Amino acid sequence: MTRSSAATVAPGRRHRTRWIRPAPGVGRLGRGGALGLGLATLWLSLLVLIPLAAVVLKSFSHGAGNFWSAVTAPDALAALRLTVETSLLVSLVDVVMGTLVAWVLVRDEFVGKRILEVVIDLPFALPTIVAGLVLLALYGPQSPLHVNLAQSRAAVFLALLFVTLPFVVRTVEPVLIELDHDMEEAAASLGASRFVVFRRIVLPNLAPAIAAGTALSFARAISEYGATVLLSGNIPLKTQVASVQIAGQIESDNTAGAAAVATVLLVTALLVMIALTLLQRWARRRG
Amino acid sequence: MRLIVILYLSFLLVIPVSLIFWRTFSHGVAPVWHALQDPAMTSAFRVTGIVTGISVVIDTVFGVTISLLLVRYRFFGRRFLDAILDLPLAISPVVVGLALILVYGKYGWFGGFLERHGFQVIFALPGMVLATVFTSLPLVAREVMPVLEEIGVEQEQAARTLGAGPTQTFRRVTLPAIRWALAYGVVLSMARCLGEYGAVSVVSGRLVNKTQTLPLIVDQSFQNYDVTTAYTASFVLAAIAIASLVVISLLRPKERA
């Protein structure tokens, strides 16, 4: 029913995952289940948990003082600031445009809508490095529009806008599809204007989904690497985002410095995810 | 409103992507064909194919296992496992690469031991597979889990009471029920694996003809002003991405039916 691509981003589904009661027969682990659980946990530890722990430990390997000086080094600080500021701005645009796109895809009918439906997911499927090249073709030095954004902060903004495009659309869409028209019609028949109906009826219903999509957009934006590599020119202190700065540190063998900035990114992403979970729980309690 | 949306999507998505197709063939098919024959390119195709193949298999096995565990069983730490499953999607690919180097690199926690026993992970295929699997880890599971939940356990229980073993039940009852969601998840993670750039670029060492993948070729040839090769590789990757999206959109309605 919920039609969202990358189901990972669909709160509708998550919602169900968390709330369904264990059906009769859903039970305790047998011997086979326990073995599976052990292997899955082992794999998850070897692949995800231990390596991430290594990053955090590495960043403090020379003491908290070194961590602090690595994070507050001019290029690291500039990269982190640029990343967070641009990501916030991108998330803001995503809120407005994502909701608008979802609205048009659900409520509007026109020729070519099905194509747009497929195209929306392109940023999920297109390799990020190709995304960078693609944007460079239209907004780079050889732009047919004569707009050259290459090696500017606007280029970073553009790259992040591209890769985060589907998140808000895909989280808002299923909610909008299931939204009852009755409420809107009732409000309209009582004399509410279209704007008032949207603001008072539709928007409050969409708010949790919009927030979820925005959080995912933001988390994706602060961690983006591939799309910004070709487009931004990676000028330190100017257009270098945090991921690129980390990559540079790795290349010059300063793994402790790289790990420090990486830890800041990790913690930020984690906080956003926790905030998202709390927000969804709160929204659910309100009904 | 419709106009705003169409313009926005055109200028952000449709026109840039179409432009790549146009640029690739701006000097005809011959240079593209020539670029595809280049040894570095054919090697990249092979490496990308191998890494993607192995990664998708691991993703699928892990995805189905973890889905069954999280949906069908209740155990200590289930919520925690459920939560960290999504973690990889929020982590920068460069950080993924760094994390793997710190553990499996030559001077890493396990890397030294593994290398002494003749098993090199970083700057070799195993590291690239690890990086690729990391970044695409939850995709299959997040597709399969909702379906597993919806189909419930009645049929599985019926099969069990009629004497089917766990393997038989899975093969005859569970698998057919989740097949479309599984197919969808597999296509999705294949698209993601093919295009993984950041994490692979950190752990691969970019050894030409050895650990160079298609996305790495795009980057490197573009930086070396070999635009034809960059566009050709991009064209191939973009074509595969679009093809997988079309496949996915065709799979969707079937799942609903």
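Computed from a predicted structure; not experimentally measured.
- Counting only heavy atoms from C-beta outward, the side chains of Leu12(B) and Leu158(A) approach each other to under 4.5 Å.
- Options Leu39(A), Leu122(A), Leu145(A), Thr41(A) differ in how many heavy-atom pairs under 4.5 Å they form with chain B, and the most are formed by Leu122(A).
- Taken from CZ in Arg220(A) to OG in Ser92(B), the straight-line distance is 10.0 Å, to the nearest 0.5 Å.
- By the 4.5 Å heavy-atom criterion applied to side chains, Phe124(A) and Leu245(B) are not counted as neighbours.
- Counting heavy atoms from C-beta outward, Leu9(B) and Val119(A) have side chains that stay 4.5 Å or more apart.
- Rounded to the nearest 0.5 angstrom, Leu81(B) CG and Leu37(A) CG are separated by 6.5 Å.
- Using a 4.5 Å cut-off between heavy atoms, Leu105(A) does not touch chain B at all.
- Here CG of Leu266(A) is found 9.0 Å from CG of Leu98(B). Values are rounded to the nearest 0.5 Å.
- With a 4.5 Å cut-off on non-hydrogen atoms, Val169(A) does not touch chain B at all.
- With a 4.5 angstrom heavy-atom cutoff, Val101(A) touches chain B via backbone and side-chain atoms both.
- The contact between Glu109(A) and chain B is made entirely by backbone atoms, counting heavy-atom distances below 4.5 Å.
- To the nearest 0.5 Å, the span separating CZ on Arg79(B) from OG1 on Thr277(A) amounts to 9.0 Å.
- Lys113(A) NZ: more than 12 foreign heavy atoms inside a 6.0 Å radius.
- The two atoms that bring Pro127(A) and Leu237(B) nearest to each other are CG-CB, 3.9 Å, heavy atoms only.
- Put simply, the side chain of Tyr197(B) reaches to within 4.5 Å of the side chain of Val229(A), judged on heavy atoms.
- Considering only heavy-atom pairs separated by less than 4.5 Å from chain B, the leading option among Gly33(A), Ala259(A), Ala54(A), Ala40(A) is Ala54(A).
- Separation of atoms CZ (Phe62(B)) and CG (Leu44(A)) is listed at 4.5 Å; rounding is to 0.5 Å.
- Only the side chain of Leu57(A) comes within contact range of chain B, with at least one heavy atom under 4.5 Å from a heavy atom of that chain.
- Counting heavy atoms from C-beta on, the side chains of Tyr225(A) and Ser201(B) come closer than 4.5 Å.
- Put simply, of Lys58(A), Met97(A), Gln249(A), the one with the most heavy-atom pairs under 4.5 Å next to chain B is Met97(A).
- At a 4.5 Å heavy-atom cutoff, the contact between Leu265(A) and chain B is made by side-chain atoms alone.
- Trp43(A) is listed as a side-chain neighbour of Val133(B), based on a closest heavy-atom distance under 4.5 Å.
- Annotation: maximal heavy-atom pairing with chain B below 4.5 Å, among Ala242(A), Ser243(A), Gly112(A), occurs at Ser243(A).
- Listed by first then second residue, pairs satisfying salt bridge (Lys or Arg N to Asp or Glu O under 4.0 Å) with a partner in residues 32-41 of chain A number zero, not counting sequence neighbours.
- Side-chain atoms of Tyr8(B) and Leu161(A), non-hydrogen and from C-beta on, do get closer than 4.5 Å to each other.
- Expressed to the nearest 0.5 Å, how far CD1 of Ile129(A) lies from CG of Asp219(B) amounts to 4.0 Å.
- Residue with the most contacts toward chain B among Gly36(A), Ser223(A), Gly132(A), Ala125(A): Ser223(A) (heavy-atom pairs, distance under 4.5 Å).
- Interface residues of residues 133-141 of chain A toward chain B, defined by a heavy-atom distance below 4.5 Å and sorted by number: Leu133(A), Val134(A), Leu135(A), Leu136(A), Ala137(A), Leu138(A), Tyr139(A).
- Within the 4.5 angstrom heavy-atom criterion, atoms from both the backbone and the side chain of Ile50(A) approach chain B.
- Between Leu19(B) and Pro144(A), the closest side-chain pair of non-hydrogen atoms falls below 4.5 Å.
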